[in-house]
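Everything below concerns the one structure shown next.
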Amino acid sequence: PTEEQIAGILTEVQASEIEAPVETEVASEFVDPASLKGSKVTKELQGPCGSTIWMLKNGVKVIVLPTEYKKDQVIFSLSKDGGKTLLSNEELYSVEDNIFTLFNRNCGISKFSGTEVGKMLSGKNLSISTEINDIRHGFTGQSTPKDLETALQILYLNFADPRFDEEEFNLGISQIRAVLPNIINQPNFKFQNQMVRSIYGGNERMVLINEDVLEKASLATYEKIYRRLFSDAAGLTAVFVGNIDLETFKPMCEKYLGSIAKGKKATKWNLKNYPVPVKGEVINHFTTDMQTPKNTVFGQYSANIPYSVKAEITMDAVSYILDMIYTDTLREEEGGTYGAQAMTDIDYEPVESATLQFYFETNPTQCDKLIELAKQGIRKLAEEGPTQEQMTRTNEYFKKLVSEKRINNGYWSKCILENLRLGIDYDKEYEAAVGSLNPEEIKAAAQAFLTQGNYVEVVMSPDKVAERE
């Protein structure tokens with residue numbers, strides 16, 4: 001839900017007029033390499049999936065997997081445990097997703113303004129995003145091989161010399177404030193807010209953008225948070241996957257990542273601050289003004305289910321089969337929606353949990369019937385399992401995915417991280433899970449969502465005036 005809110009606000013901001021900056025001389029480098037002492041690799045190990053692990057003297061763990069799937073791509077992530085669980089309720093306002101995203105889009109680094117950074121990166125193909133997620137914080141990005149050193153310079157400066165400019169922060173606030181009155185009156189925005197409130201029972205840590213949040217957010221609080229989370233190298237793991245030459249990349253890592261200040265203690269998430277879905281049944285049907293009358297429907301079953309790669313793939317199969325069922329019933333037979341979507345997710349950190357969701361838009365007269373059909377599809381799958389045709393199509397699709405994923409750098413980055421966090425050979429277990437998919441396990445997976453009695457339903461309908469119009 002939050003991502004759609006961000007996308008809506010960013011779309012509005014991009015459509016607004018922004019004054020062109022005055023031309024200035026462009027610097028060629030973000031940092032003088034000769035000014036950095038760096039730290040050497042103290043230990044080199046063989047890592048998962050054929051990767052190489054370098055342990056730097058300052059404590060950074062660097063994992064590198066050279067590939068040739070895309071000659072012009074290197075993807076990377078640097079992460080620490082903790083994320084938003086390390087923040088107080090009051091601090092969360094200053095890293096609300098829209099505020100956080102726009103500030104990091106507008107801000108520069110070190111002595112360079114956001115405008116200067118944009119000019120310095122002109123002609124280069126790299127992107128870096130700062131992230132403070134639910135349980136982790138760090139950076140993600142991608143680059144070409146030739147721009148990788150520039151990416152490392154920026155990553156180093158994000159730790160050593162971050163920038164907190166009041167004008168750049170206020171620019172994001174003013175951009176949001178300019179479009180917020182329009183955004184908050186849009187039905188989709190209202191629906192997303194109702195979804196979050198219903199799923200998490202109005203948990204105050206689920207901060208949703210509004211004028212009050214804008215008033216409470218401040219650069220001073222953001223800076224305090226940032227310096228606390230990104231002050232040093234303690235607990236920092238960096239993963240690089242792509243077209244990388246180890247011989248030339250190693251000294252760059254020692255120079256830039258090795259110059260991040262050495263920390264004393266790695267952070268860990270605070271489970272008390274991790275919001276979880278409510279238990280039991282929550283039904284939230286509400287009406288709102290809209291120009292085009294339609295009903296928007298969201299349903300979610302949640303359950304505590306032990307994680308395994310097999311469980312993950314089996315749940316993926318559940319959503320794939322439900323998509324088939326919904327296409328046949330809600331769309332083709334009833335003609336009540338252009339498309340209904342089923343989604344499953346299973347997590348192992350910080351707690352083992354899983355969700356099964358369905359979503360669709362329809363007209364007011366067919367809404368109740370389609371909701372019942374959507375739930376009936378899940379119940380039938382849980383009671384009878386998939387048909388032979390559904391099973392055949394699922395097996396064919398998932399086996400095709402195995403080979404497609406193995407030529408994707410993002411997949412191998414996931415495999416490395418799963419190995420680090422769970423100690424498993426994700427690729428091997430993924431292939432085995434796909435090869436052993438069977439109707440009984442898919443049936444059991446669907447049953448698991450229904451037996452624990454946790455269900456959230458949110459339906460947005462047009463009010464009576466809009467419906468008559």
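If you read the sequence from its start, that first residue is 1, and numbering goes on from there.
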Partner of Tyr256 by side-chain contact (heavy atoms from CB on, under 4.5 Å), out of Val31, Leu155, Leu157, Ile154:
Val31
Does Leu236 offer a backbone N or O that forms a donor-acceptor pair with the side chain of Lys61 under 3.5 Å?
no
Compare all side-chain heavy atoms of Arg205 with those of Tyr200 and state whether any distance is below 4.5 angstrom.
no
Nearest heavy-atom approach of Tyr359 to Glu361 is OH-OE2, 3.4 Å
For the student: nearest non-hydrogen atoms of Leu78 and Phe76, plus distance
CD1-CD1, 4.2 Å
Using a 3.5 Å distance criterion without hydrogens, assess whether the side chain of Asn408 forms a donor-acceptor pair with backbone atoms of Glu404.
no
Report, as yes or no, whether the 6.0 Å neighbourhood of atom CD on Glu372 holds more than 12 heavy atoms from other residues, nucleotides or ligands.
yes
Decide whether Ser198 and Asn284 meet the rule of one side-chain donor and one side-chain acceptor closer than 3.5 Å.
yes
With a 4.0 Å cut-off, would you call Glu168 and Arg163 a salt bridge?
yes
Please find the pair of heavy atoms, one from Cys367 and one from Asn295, that lie closest to each other, and give the distance.
SG-ND2, 3.3 Å
For Met315, does its backbone N or O pair with a side-chain atom of Thr344 as donor and acceptor, under 3.5 Å?
yes
Could you label the plane-to-plane angle of the Phe240 and Phe249 rings as parallel, tilted or perpendicular, counting under 30° as parallel and over 60° as perpendicular?
perpendicular
With heavy-atom distances below 4.5 Å as the criterion, would you say the side chains of Ile63 and Trp54 are in contact?
no
Evaluate the side-chain proximity of Lys310 to Glu441: yes if any heavy-atom separation is below 4.5 Å, no if none is.
yes
N/O donor-acceptor pair under 3.5 Å between Asn395 side chain and Met391 backbone
yes
Pair Asp97 + Lys84, salt bridge at N-O below 4.0 Å:
yes
Hey, does Glu281 have a side-chain heavy atom less than 4.5 Å from the side chain of Ile283?
yes
Expected output: side-chain Ser94 to main-chain Ser218 donor-acceptor under 3.5 Å:
yes
Non-hydrogen atoms of Phe360 and Ile371 that approach each other most closely
CZ-N, 3.8 Å
Trp412 and Arg406: which non-hydrogen atoms are nearest, and at how many Å?
NE1-O, 3.0 Å
Counting C-beta onward and ignoring hydrogens, is there a side-chain heavy-atom pair between Asn210 and Ile184 closer than 4.5 Å?
no
Fit a plane to each ring of Phe398 and Tyr320, take the angle between them on a 0 to 90° scale, and name the class: parallel (under 30°), tilted (30 to 60°) or perpendicular (over 60°).
perpendicular
Please report the closest heavy-atom contact between Lys294 and Pro462, naming both atoms and the distance.
O-CD, 3.3 Å
Heavy-atom check, side chain of Arg379 versus side chain of Gln447, under 4.5 Å
no
Using 30° and 60° as the class limits, which term best fits the ring planes of Phe169 and Tyr222: parallel, tilted or perpendicular?
tilted
N-O pairing of Arg228 and Glu223 below 4.0 Å
no
Are Glu312 and Tyr426 linked by a side-chain donor-acceptor pair shorter than 3.5 Å?
yes
So, Asp161 and Ser110: side-chain donor and acceptor under 3.5 Å apart, yes or no?
yes
Are any side-chain N or O atoms of Thr337 and backbone N or O atoms of Gly339, one a donor and one an acceptor, separated by less than 3.5 Å?
yes
